[in-house]
Amino acid sequence: MSVRTGFSSLGDVNLIETESLEKRYGARVTALSDLTVTIEPGIVGLIGANGAGKSTLIKLALGLLEPTGGTIRVLGLDPGSDGATIRARVGYMPEHDCLPPDLSAAEFVTHLGRVSGLPRAAARERASETLRHVGLYEERYRQIGGYSTGMKQRVKLAQALVHDPELLLLDEPTNGLDPEGRRAMLELVHRIGTEFGISVVVCSHLLGEIERICTSLVAIEGGRLLRSASLSSMTRHSDLLMVEVDEGDEQLASRLTSVGLSVRREQRLLMVRLAGDETFDAIRDAVAECDLSLHRLERHRHQVADLFRAEPTEVNDVRTG
Ligand SMILES: Nc1ncnc2c1ncn2[C@@H]1O[C@H](COP(=O)(O)OP(=O)(O)OP(=O)(O)O)[C@@H](O)[C@H]1O
């Protein structure tokens, strides 16, 4: 596997770009609707509940399905006319099992290397190499039928990697795994992205699980784009200050409200809208005037999960009780 630095091998080319993309199945099911999104190189989490349209988007990207409206480009190419080129440059790990139980992992991955156009010896060599990367080197001559779910997921990942792709499309790679298996699989995906500089689009319905390994997230809901942003922009400071006092938080909230600040209570915390540096002074003054002891006064950071809620929580309502 060639080692690349960062995610630079693609230059300025976007991984996936869609414009008003639509996919209907028959007259009744609209899996994707008016989806416009640009996915840049990196480790990208494609988040959405079951049925949100993630697998459909991946299959459109691979040219396995055709859009019923709009456009999609993958690595700058059109899957409709350049599907074969895209599939040569992209590795795909499908959601469901598709593994022949009677073959060994080495035979299976070598075979797919051959299908991708590698000569026999090179395919064998690359199969061993990728199986080593996914942690199956010792077990590679055993029949896949006897593998655990976690091992089968790793074979699926190895076959996606065998032709040294620039982009990996992983559809729910943690499916069927226990918590430890999920953690190990995500760590492996992260390592492939960072050590080999391969861009990854990884589908999941579990935001909490995937956000740790991603550089950006794209959320879809009911076939429409909910949100798309880099992790760093999502976790930046919000315009709220978190204030915690030992006791007397009600008294403090009233005081802050009376001097014109917007205050909301969240359990033991007062969330105060930051209007400028003077907000810090106003809080310190109010704490001193109420003769309270201040435990915490700091900028609130967005939690990724908060930003994926359809409606961000507004703090205009002043509730002190
Ligand atoms: N071949 C098909 N024929 C008809 N409807 C389909 C077909 N494939 C998917 N759908 C429907 O399209 C919608 C989106 O499905 P899709 O598989 O893309 O979602 P997903 O986000 O990948 O969910 P999951 O993780 O459950 O696969 C769902 O309502 C699904 O039932």
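In this chain, numbering begins with 1 at the start of the sequence shown. Atoms within a ligand are numbered from 1 in the order they appear, just like the ligands themselves. No experiment lies behind these values; they were computed from the predicted model shown.
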Are side-chain N/O atoms of [X] and [Y] paired as donor and acceptor at under 3.5 Å?
X	Y	value
E107	S104	yes
R124	T110	no
E22	S33	no

Flag side-chain contact, heavy atom, 4.5 Å: R142 against M151: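 Of all side-chain heavy-atom pairs linking M151 with R142, at least one is under 4.5 Å.
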
Which donor-acceptor pairs under 3.5 Å do side chains of residues 35-47 form with protein atoms, sequence neighbours excluded?
{"from": "T36", "atom 1": "OG1", "to": "S20", "atom 2": "N", "distance (Å)": "2.8"}

Neighbour list for ligand 1 [protein residues, heavy atom under 4.0 Å]: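 Those residues closer than 4.0 Å to ligand 1 by some heavy atom are Y25, V29, A31, A49, N50, G51, A52, G53, K54, S55, T56, E95, E172.
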
Main-chain N/O of A121 paired with R126 side-chain donor or acceptor, under 3.5 Å: no

